[in-house]
2 protein chains.
Amino acid sequence: MGSVETLAAPQIRRRPLHAEVIDRLRDLIVQGALAPGARLNERVLCARFGISRTPLREAIKLLATEGLVELLPHRGAIVSALQPERLAETLAVMGALESLAGELACRHSSEAQVNEIRALHYEMLAHHARGDLGAYFKYNQQIHLKLVEAAGNAVLLHTYRQLNANVRRARYMANLSKERWDQAVAEHEEILAAFAARDAERLKRLLREHLASKLASVLGALGARAAA
Amino acid sequence: MGSVETLAAPQIRRRPLHAEVIDRLRDLIVQGALAPGARLNERVLCARFGISRTPLREAIKLLATEGLVELLPHRGAIVSALQPERLAETLAVMGALESLAGELACRHSSEAQVNEIRALHYEMLAHHARGDLGAYFKYNQQIHLKLVEAAGNAVLLHTYRQLNANVRRARYMANLSKERWDQAVAEHEEILAAFAARDAERLKRLLREHLASKLASVLGALGARAAA
DNA sequence: TTTTTGTATTCTGCATGCAAACTTGTCAGG
DNA sequence: CCTGACAAGTTTGCATGCAGAATACAAAAA
């Protein structure tokens, strides 16, 4: 007997602490709670997360490879600056990746994947209609990620996500103008159509153009912010 | 006077230990000294490197983001397997990156950068003539890296390097046939010509083809090895 | 007032300690 | 002979301790 036991928690704790910390720290940085240039004081963050320095330090070093923070030997880490030039470089790389993703997705993705993206697209339209920029961004991100995912290339997806963090950060403080926003939605409309039609060439071109206007938008917001 | 002093060692130790360890570990893995599937026993590696576990663990986690090792919770890390599929995915992504690099390099690179690559090319030819595969690979790598570097996009270079580690590993055990080797050299010849002529479209096409044959070569070697 | 220098404090980088989780080997039962 | 369980021994994950480096601050000199 004793077989009555509730089978409690056979899963001990699969997720290492430092992984948890990475996500929390990344969120703080992306959302701007930790502003560019801010020092990452180990003691403070340890207290904040309720952990010790070892996993925190591991997390910080990993975030450094994503380019979210900068490591200064013997002086700790700071949230990396959002340099327009670096952002442009990142978006150029992401453009190449999205282009590849579009091509692969047209060839390899299932109808279900297209429909999933279509569904996300409509949810995004709903948030656009309501003027909810935050929710819009969230679904926008999801769509791009799903598209890259549909390419069926795990390395591609991983690389894309890695680069994306920095862009999300810039995006977070970008306040789209009504025109830009409408334009972006229109572009998404076309992108979805091209994907559904499996028109790889057109999809690649649209994705490139979409990214170019995204770059302009982000740089504009960054410039306006620097001016203020 | 006094100005004669050798300006001795104002640099204390700029490079953190874990960074050193990463490089050494990466070399071990790339060169196959740590075979795929091998466990990374912390104690053993600590003794080997003469350091303690903290910096070693940091290094291992960073290598995990490069895909060189795999982290198994509570069971340590193992050298990741060289799956042909994953390699193909990696090379596809690198193809997109090289293509972008070629385009940018044609536009932005200086004549000096072209000449530097030309010089490396001739050194590579020398090693090819002598049949020194190891040295050939080394210069081959350098050329590709310099080309990406010539694009003048730091993010692109970083991303490329990150992915490259895994390919180098496969490459290390690939024993090119004479034909493949000659063909690769011929392809490099064309690539250099296109780059020198700033013919972006042609360069992109050549790079794509070069990578495709590299993929075939690596997969062939991997398959042959699996058969043995 | 400005610059410099000495000192105290804070913080990072690395080493080590401890508890929990996993692995291995042995043994009882079928 | 095979299956399952238990115990000993490793190994990892995280916390903490300690030395050295960097910073901040204050006092003294220019």
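All chains are named by letter (A, B, ...) in the order of the sequence lines, taking the proteins before the strands, and each is independently numbered beginning at 1.
dT16(C) atom P lies 13 Å from atom CG of L17(B), rounded to whole Å. Counting to the nearest Å, the C1' atom of dA21(C) and the NE2 atom of H74(B) are 6 Å from each other. The separation between R39(B) atom CZ and dT12(D) atom C1' is 9 Å, rounded to whole Å. Straight-line distance from the CG atom of N41(B) to the P atom of dG13(D): 12 Å, rounded to whole Å. When the C1' atom of dT23(D) is taken as reference, atom CG of L72(A) falls 13 Å away, rounded to whole Å. Here the C1' atom of nucleotide dT10(C) and the CG atom of L40(A) are 16 Å apart, to the nearest Å. If you measure from atom CZ of R15(B) to atom P of dA21(D), you get 18 Å, rounded to the nearest angstrom. Between the P atom of dC14(C) and the CD atom of E20(B) lies a distance of 10 Å, rounded to the nearest Å.
In this structure F137(A) satisfies the ring pair (Phe, Tyr, Trp, His ring centres under 6.0 Å) test with no other residue, sequence neighbours excluded. With sequence neighbours left out, the ring pair (Phe, Tyr, Trp, His ring centres under 6.0 Å) criterion links H144(A) to H188(A), H210(A).
To the nearest 0.5 angstrom, L17(B) atom CG is 11.0 Å from F49(B) atom CZ.
L91(A) pairs in a side-chain contact (heavy atoms from CB on, under 4.5 Å) with only one of the listed residues (L163(A), L219(A), L211(A)), which is L211(A).
Between the side chains of S80(B) and R169(B), at least one donor N or O sits under 3.5 Å from an acceptor N or O. A donor-acceptor contact closer than 3.5 angstrom is absent between the side chains of N164(A) and R161(A).
When all heavy atoms are compared, the tightest approach of R180(B) to S217(B) is CD-CB, 3.7 Å.
For the segment residues 51-64 of chain B, the set of residues with a heavy atom within less than 4.0 Å of an atom of DNA chain C comprises I51(B), S52(B), R53(B), T54(B), P55(B), in numerical order.
Distances from the side chain of E42(A) to the nucleotides dG13(D), dT12(C), dC14(D) place dT12(C) closest.
Among residue pairs with one or both ends in residues 82-122 of chain B, none qualify as ring pair (Phe, Tyr, Trp, His ring centres under 6.0 Å); sequence neighbours excluded. Residue pairs meeting the salt bridge (charged side-chain N to carboxylate O under 4.0 Å, His left out) criterion with at least one partner in residues 83-103 of chain A, sequence neighbours excluded, are E103(A)-R107(A), E103(A)-K204(A).
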Please tabulate the protein-to-nucleotide N/O contacts below 3.5 Å involving nucleotides 23-25 of chain C, giving atom names and distances.
from: dT23(C); atom 1: OP1; to: R75(B); atom 2: NH1; distance (Å): 3.4

